[in-house]
Asks: 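One structure, as structure tokens, below. Some questions next.
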Amino acid sequence: MRTLPGFRDFFPEDCARRNYITGTWRRVARTFGFSEYDGPTLESLDLYRKKNSGGEILGQLFSFTDKGDREVALRPEMTPTVARMLIAKAREFRKPIRWFSIAPFFRYEKQQKGRLREFLQFNCDLVGDDSPEADAEMLALLIETLRAFGLTSDDIVVRVSDRRVWMDFLAERGVKDEAQAREALAVIDKLEREPREVLEAKLSPFGLTLGGIETFLAEAKPEFFGRLQRNLAARGLEDFCVLDLRIVRGLAYYTGLVFEVFDRRQENRAVAGGGRFDRLLSDLSGGKVNLPAIGFGMGDVVLGDLLGERPDAKSRMDSSVKADLACDVFVVVADEARRAEALGVVQLLRATGRRVDYPLTADKVGRQFKDADASGAPVAIIVGQEWPRLRVKDLKTRMESELAQAALADWAANLQTPAP
RNA sequence: GUGGCCGUAGCUCAAUGGCAGAGCCCCGGAUUGUGAUUCCGGUUGUUGCGGGUUCGAGUCCCGUCGGCCACCCCA
């Protein structure tokens with residue numbers, strides 16, 4: 001009895017880790033004025049077959065026929081869903097639209113490090129503005145999100161490219177047909193991975209040479225990148241980005257800027273990726289809605305691995321996990337005859353919003369302190385013979401003081417608890 | 001989907017073809033109102049699963065499932 005391959009159980013500690021990641025995503029997106037939205041987990045298979053996704057995603061769909069004979073698929077990405085939502089109500093929202101979502105996705109592929117069949121993804125989209133400043137704003141959001149986890153420009157890098165640069169390059173060399181250009185881009189996408197001879201062979205049908213492309217890669221100084229860097233420099237974020245025209249990305253709908261985030265040591269897969277899709281909404285709506293858009297996705301799997309590997313980021317995550325799992329107060333029932341009073345104390349503390357644990361049945365005081373320690377509570381309230389006075393024990397310093405029962409509500413209101 | 005390596009207690013691992021073990025974790029105890037560390041005791045196994053070879057298989061062979069890595073691609 002175990003989970004299906006690529007699917008996960010979330011024990012409390014795993015859940016706390018997930019809460020840390022999703023909570024950080026949500027917090028940063030909100031600081032950029034983004035609103036949260038969501039869509040259905042299950043979609044019509046047609047949504048992905050309309051060849052807007054393309055690439056491998058179609059082959060990785062978790063799809064089946066439902067009891068009503070509909071062909072359906074668990075969503076493998078958010079962009080088609082958000083595109084449909086935007087098309088449905090495009091006129092209702094003030095532009096540019098700033099939306100984010102945090103949701104589970106499914107892809108049927110062989111699981112390995114950084115790749116599961118169910119994962120969470122943070123999706124951010126900026127719709128209705130095609131300016132380079134909008135591009136920079138999205139990269140800033142991406143970078144700030146990673147910074148919020150304690151990652152620095154020594155840990156990660158955003159490799160930035162632009163498909164328009166390549167389209168111009170190809171057009172100048174006679175590759176003008178769009179389908180052909182797309183095939184050529186697929187070869188360029190493999191520059192890092194395939195041997196030179198194979199690349200040469202694949203490029204020659206387009207009238208291209210590997211040498212020509214390498215020269216272009218080395219010498220090209222596209223104008224867009226300088227503008228992007230100046231915008232990011234004004235925010236102090238310029239160290240996070242490098243121009244890397246080798247990034248092309250597999251999804252078919254990208255039209256301009258494209259980017260992927262990697263750890264500097266290149267030990268993991270891409271942490272996040274995205275780009276500009278200025279024609280997707282128009283294409284999907286048959287021209288009814290014509291809004292440019294840029295977006296990115298960040299998965300929880302590679303990010304989680306990376307956070308565990310970087311000491312600073314890890315200690316940040318660990319302390320959040322600890323705070324998430326801990327109680328605020330442990331009530332010790334030192335005298336079983338005072339259990340009723342102890343329950344009153346528990347009730348009062350909980351009413352103030354404190355997380356409270358206590359022994360459900362009679363237990364030795366020594367055992368109770370052990371449990372108090374394990375509960376993670378920084379402080380214990382001891383209810384016993386001295387009632388209506390209470391003893392307050394700081395579980396770290398082991399110092400005790402006395403508190404009148406009548407003063408308990410005020411004491412609880414002033415209790416400092418670490419932010420989760 | 002293709003290839004390589006791996007699969008023993010909840011976890012980390014040990015056991016020449018010859019009685020399946022250790023550490024950690026967990027639970028209980030060390031004269032009844034105070035939790036570090038310590039000491040004592042206890043539970044935990046269809047050796048992933050199914051066949052085969054052998055007097056005898058955790059160990060060798062075949063299959064299968066699962067995991068890791070690479071390819072493919074990407075969050």
Side-chain angles (χ1 to χ4, degrees), chain A residues 1-7 9 11 13 21 25 53-60 75-79 101-124 142 145-146 186 189-190 192-195 198 247-251 254 258-263 267-275 295-306 330 332-338 342 359 362-387 390-400:
Chain A
M1 234 172 62
R2 49 187 161 192
T3 62
L4 290 166
F7 288 79
D9 285 328
F11 289 92
E13 200 177 312
I21 289 175
W25 283 343
S53 298
E56 289 291 301
I57 280 194
L58 282 173
Q60 296 178 341
R75 63 181 168 204
E77 58 161 336
M78 197 52 142
T79 303
S101 68
I102 295 167
F105 295 90
F106 304 83
R107 289 187 196 175
Y108 195 91
E109 65 178 324
K110 199 160 175 175
Q111 108 164 319
Q112 52 184 295
K113 192 183 183 195
R115 286 293 172 267
L116 299 174
R117 289 180 172 179
E118 180 185 16
F119 55 95
L120 289 176
Q121 195 171 288
F122 175 47
N123 268 269
C124 296
L142 176 60
T145 301
L146 294 162
D189 186 39
K190 293 185 173 54
E192 282 182 282
R193 302 191 288 270
E194 299 210 276
V198 177
I247 300 290
V248 187
R249 294 183 65 73
L251 293 174
Y254 290 117
V258 285
F259 50 90
E260 290 179 355
V261 179
F262 287 88
D263 62 308
E267 286 166 353
N268 289 284
R269 293 159 191 278
V271 179
F296 67 80
M298 182 184 303
D300 72 309
V301 184
V302 179
L303 178 65
D305 288 347
L306 187 58
F330 192 98
V332 171
V333 185
D335 179 358
E336 198 52 31
R338 293 295 184 187
D363 208 349
K364 288 187 223 172
V365 172
R367 168 72 57 194
Q368 292 189 48
F369 276 101
K370 223 171 209 174
D371 288 344
D373 203 35
S375 79
V379 62
I381 297 270
I382 301 156
V383 182
Q385 293 156 352
E386 53 276 83
W387 184 268
L390 302 162
R391 297 200 65 80
V392 178
K393 180 163 184 174
D394 184 313
L395 290 169
K396 200 171 234 168
T397 65
R398 302 180 175 230
M399 300 289 284
E400 276 187 43

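These values consider heavy atoms only, across backbone and side chains, with no hydrogens, waters or symmetry-generated copies. The structure displayed is predicted, hence computed values, not measured ones. Within every chain, numbering begins at 1; the chains are lettered A, B, ... in the order of the sequence lines, protein sequences first and strands thereafter.
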Asks: Out of B/A75, B/G35, B/A70, which nucleotide sits closest to the side chain of A/Arg107?
Replies: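 Nearest to the side chain of A/Arg107 among the choices is B/A75.
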Asks: State the NZ-NZ distance between A/Lys370 and A/Lys364, to the nearest 0.5 angstrom.
Replies: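 Between A/Lys370 NZ and A/Lys364 NZ, I get 10.0 Å after rounding to 0.5 Å.
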Asks: Report all interatomic pairs (protein N or O, nucleotide N or O of nucleotides 8-11 of chain B) with separations under 3.5 Å.
Replies:
none

Asks: Nearest whole angstrom, please: distance from the C1' of B/G66 to the CZ of A/Arg117.
Replies: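 About 11 Å, once rounded to whole Å.
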Asks: Counting only side-chain heavy atoms from C-beta out, which of B/C73, B/G35, B/A75 sits nearest to A/Leu395?
Replies: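 Looking only at side-chain atoms, A/Leu395 lies closest to B/G35.
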Asks: In Å, rounded to the nearest 0.5 Å, how long is the span from CG of A/Asn268 to NZ of A/Lys113?
Replies: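 One finds 4.5 Å between CG of A/Asn268 and NZ of A/Lys113.
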Asks: Are A/Val271 and A/Leu303 close enough, and set up right, to give a side-chain contact (heavy atoms from CB on, under 4.5 Å), and what steps lead you there?
Replies: CA-CA 6 Å; A/Val271 179; A/Leu303 178 65; 4.1 Å; yes
Asks: Could you give the distance separating B/U32 and B/C26 at their P atoms, to the nearest angstrom?
Replies: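 Going atom to atom, P in each nucleotide, I get 24 Å.
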Asks: Could you pull out the closest heavy-atom pair between A/Gln121 and A/Trp25, with the gap in Å?
Replies: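 Nearest pair, atom of A/Gln121 first, then A/Trp25: C-CZ3, 4.1 Å.
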Asks: If I take atom CD in residue A/Glu109 and atom P in nucleotide B/C69, what distance separates them, rounded to the nearest angstrom?
Replies: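 Rounded to whole Å, this separation is 13 Å.
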Asks: Between A/Met298 (CE) and B/A75 (C1'), how many Å, whole number?
Replies: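 After rounding, the reported distance stands at 9 Å.
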Asks: Could you measure between the two C1' atoms, the one in B/C65 and the one in B/U53, and give it in whole Å?
Replies: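 Pairwise C1' distance, B/C65 against B/U53, rounds to 23 Å.
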Asks: Taking atom P in both B/A9 and B/G28, compute the distance separating them and give it to the nearest angstrom.
Replies: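 Nearest-Å result for B/A9 against B/G28 at atom P: 25 Å.
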Asks: Using the C1' atom in both, what is the distance from B/C61 to B/C25, to the nearest Å?
Replies: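 Rounded to whole Å, the distance is 38 Å.
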Asks: Identify whether any heavy atom of A/Gly6 sits under 4.0 Å from a base atom; if not, whether one sits that close to sugar-phosphate; answer base, sugar-phosphate or nothing.
Replies: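 Sugar-phosphate, no base atom in range.
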Asks: Going from CG on A/Leu120 to CE on A/Met298, what distance comes out if it is rounded to the nearest 0.5 angstrom?
Replies: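 Reported value, rounded in 0.5 Å steps: 13.0 Å.
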Asks: Would you check if A/Phe119 stacks with the base of B/A75, given a 5.5 Å centroid limit and a 30° plane limit, both strict?
Replies: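 Stacking between A/Phe119 and B/A75: present.
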Asks: Looking at A/Tyr108, is A/Arg117 sitting on its ring face, NZ or CZ under 6.0 Å from the six-membered ring centre and within 45 degrees of the normal?
Replies: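 The answer is yes, since A/Arg117 meets both limits relative to A/Tyr108.
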Asks: Side-chain polar contacts of residues 373-380 of chain A - donor-acceptor pairs under 3.5 angstrom, sequence neighbours left out - could you list them?
Replies:
| residue | atom | partner | partner atom | Å |
| --- | --- | --- | --- | --- |
| A/Ser375 | OG | A/Ala372 | O | 2.7 |
| A/Ser375 | OG | A/Ala377 | N | 3.1 |

Asks: Separation of A/Lys190 atom NZ from B/A70 atom P, in whole Å?
Replies: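 Going from NZ in A/Lys190 over to P in B/A70 covers 18 Å.
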Asks: Let me confirm one number: the CG-CD distance from A/Leu142 to A/Glu260, rounded to the nearest 0.5 Å.
Replies: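 Going from the CG atom of A/Leu142 to the CD atom of A/Glu260 covers 11.5 Å.
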Asks: Taking atom NZ of A/Lys393 and atom CD1 of A/Ile381, what is their separation to the nearest 0.5 Å?
Replies: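 Atom-to-atom, A/Lys393:NZ and A/Ile381:CD1 are 13.0 Å apart.
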Asks: What nucleotide, of B/G35, B/C68, B/G66, holds the atom closest to the side chain of A/Gln111?
Replies: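 The answer is B/C68.
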Asks: Under 4.0 Å, heavy atoms only, any strand: does A/Leu116 hit a base, just the sugar-phosphate, or nothing?
Replies: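 The answer is base, as A/Leu116 lies within the cut-off (heavy atoms under 4.0 Å) of a base atom.
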Asks: Identify, between A/Pro5 and A/Gln121, the residue whose nearest nucleotide on RNA chain B lies closer to the 5' end.
Replies: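 Going by which nucleotide is closer to the 5' end, it is A/Pro5.
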Asks: Report the distance from atom CZ of A/Arg269 to atom C1' of B/C68, rounded to the nearest whole Å.
Replies: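 Distance check: A/Arg269 CZ to B/C68 C1' gives 12 Å.
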Asks: Using side-chain heavy atoms (C-beta onward) and a distance below 4.5 Å, is A/Leu306 in contact with A/Phe262?
Replies: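 A/Leu306 does not reach A/Phe262 side chain to side chain.
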Asks: Distance between the P atoms of B/G58 and B/G48, in whole angstroms?
Replies: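 So the two P atoms sit 10 Å from each other.
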Asks: How would nucleotides 29-34 of chain B be written as a contact map, 5' to 3', with B for base contact, S for sugar-phosphate-only contact and - for no contact, using protein heavy atoms under 4.0 Å?
Replies: SS--BB
Asks: Which value, rounded to the nearest 0.5 Å, describes the distance between A/Phe105 atom CZ and A/Met78 atom CE?
Replies: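 Interatomic distance, A/Phe105 CZ to A/Met78 CE, rounded to 0.5 Å: 4.5 Å.
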Asks: Could you tell me how far B/A14 sits from B/U54 if I compare only their C1' atoms? Round to whole Å.
Replies: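 One C1' to the other, the span is 25 Å.
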Asks: Taking any strand in view, what nucleotide pairs with B/U2 in a Watson-Crick or G-U wobble way, both distances under 3.5 Å?
Replies: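 The answer is B/A70, by the H-bond criterion.
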Asks: Does B/C73 have OP1 or OP2 sitting under 4.0 Å from an N or O in the side chain of A/Gln60?
Replies: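 Answer is no, no contact under 4.0 Å.
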Asks: What is the separation between atom CG on A/Leu306 and atom P on B/A75, rounded to the nearest whole Å?
Replies: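 It works out to 16 Å between those atoms.
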Asks: Sticking with atom P, work out how far B/U34 lies from B/A30, rounded to a whole angstrom.
Replies: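 These two P atoms come out 13 Å apart once rounded.
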Asks: Given atom CD of A/Glu77 and atom P of B/C73, what is their separation to the nearest angstrom?
Replies: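 Going from A/Glu77 (CD) to B/C73 (P), I get 17 Å.
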Asks: Which part of the nucleic acid, if any, lies within reach of A/Val332 when heavy atoms closer than 4.0 Å are counted: base, sugar-phosphate only, or nothing?
Replies: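 The residue A/Val332 makes no contact with any strand.
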Asks: So what's B/C11 paired with, Watson-Crick or G-U wobble, going by both distances under 3.5 Å?
Replies: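 When the pairing criteria are applied, B/G23 turns out to be the nucleotide that pairs with B/C11.
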Asks: Got a sec, which residues hit side-chain hydrogen bond (donor to acceptor under 3.5 Å, both in side chains) with A/Glu386, two or more places apart in sequence or on another chain?
Replies: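 If we apply the side-chain hydrogen bond (donor to acceptor under 3.5 Å, both in side chains) test to A/Glu386, skipping adjacent residues, there are no hits.
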Asks: At a cut-off of 3.5 Å, list every protein nitrogen or oxygen paired with a nitrogen or oxygen from nucleotides 1-5 of chain B, distance to 0.1 Å.
Replies:
| residue | atom | partner | partner atom | Å |
| --- | --- | --- | --- | --- |
| B/U2 | O4 | A/Lys110 | NZ | 3.2 |

Asks: My understanding is that a pair needs two contacts under 3.5 Å, Watson-Crick or G-U wobble. By that rule, which nucleotide pairs with B/G18?
Replies: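 Per the H-bond distance test, B/C55.
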Asks: Tell me which nucleotide, if any, is Watson-Crick or G-U wobble paired with B/G33 when both distances must be under 3.5 Å.
Replies: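 Paired with B/G33, as far as the under-3.5 Å criterion goes, is no nucleotide at all.
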Asks: Not counting sequence neighbours, which residues clear side-chain hydrogen bond (donor to acceptor under 3.5 Å, both in side chains) with A/Glu13? List them please.
Replies: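 Expected list: A/Arg17.
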Asks: Any side-chain heavy atom of A/Glu400 within less than 4.5 Å of one from A/Ile382?
Replies: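 Yes - at least one pair of side-chain heavy atoms lies under 4.5 Å apart.
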Asks: Please examine the side chains of A/Leu4 and A/Glu118, heavy atoms only from C-beta on, and report whether any two atoms are closer than 4.5 Å.
Replies: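 They are not in contact (no side-chain heavy atoms under 4.5 Å apart), so the answer is no.
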Asks: Taking the same atom, P, in B/C5 and in B/A75, what whole-Å distance lies between them?
Replies: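 The answer is 32 Å between these two P atoms.
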Asks: Could you work out which one of B/C69, B/A75, B/C73 sits closest to the side chain of A/Val301?
Replies: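 Minimum distance to the A/Val301 side chain belongs to B/A75.
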Asks: Using Watson-Crick or G-U wobble geometry with both distances under 3.5 Å, which nucleotide pairs with B/U64?
Replies: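 Matched B/U64 with B/G48 under the 3.5 Å cut-off.
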Asks: Is there a Watson-Crick or G-U wobble partner for B/U43 with both distances under 3.5 Å, and if so, which one is it?
Replies: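 Paired with B/U43, as far as the under-3.5 Å criterion goes, is no nucleotide at all.
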Asks: Starting at CG of A/Asp373 and ending at P of B/U37, how long is that distance when rounded to a whole Å?
Replies: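 Atom-to-atom, A/Asp373 to B/U37, this comes out as 9 Å.
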Asks: Hey, does A/Ala372 reach any base, or is it just sugar-phosphate, or nothing, if we go heavy atoms under 4.0 Å?
Replies: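 Contact class for A/Ala372: none.
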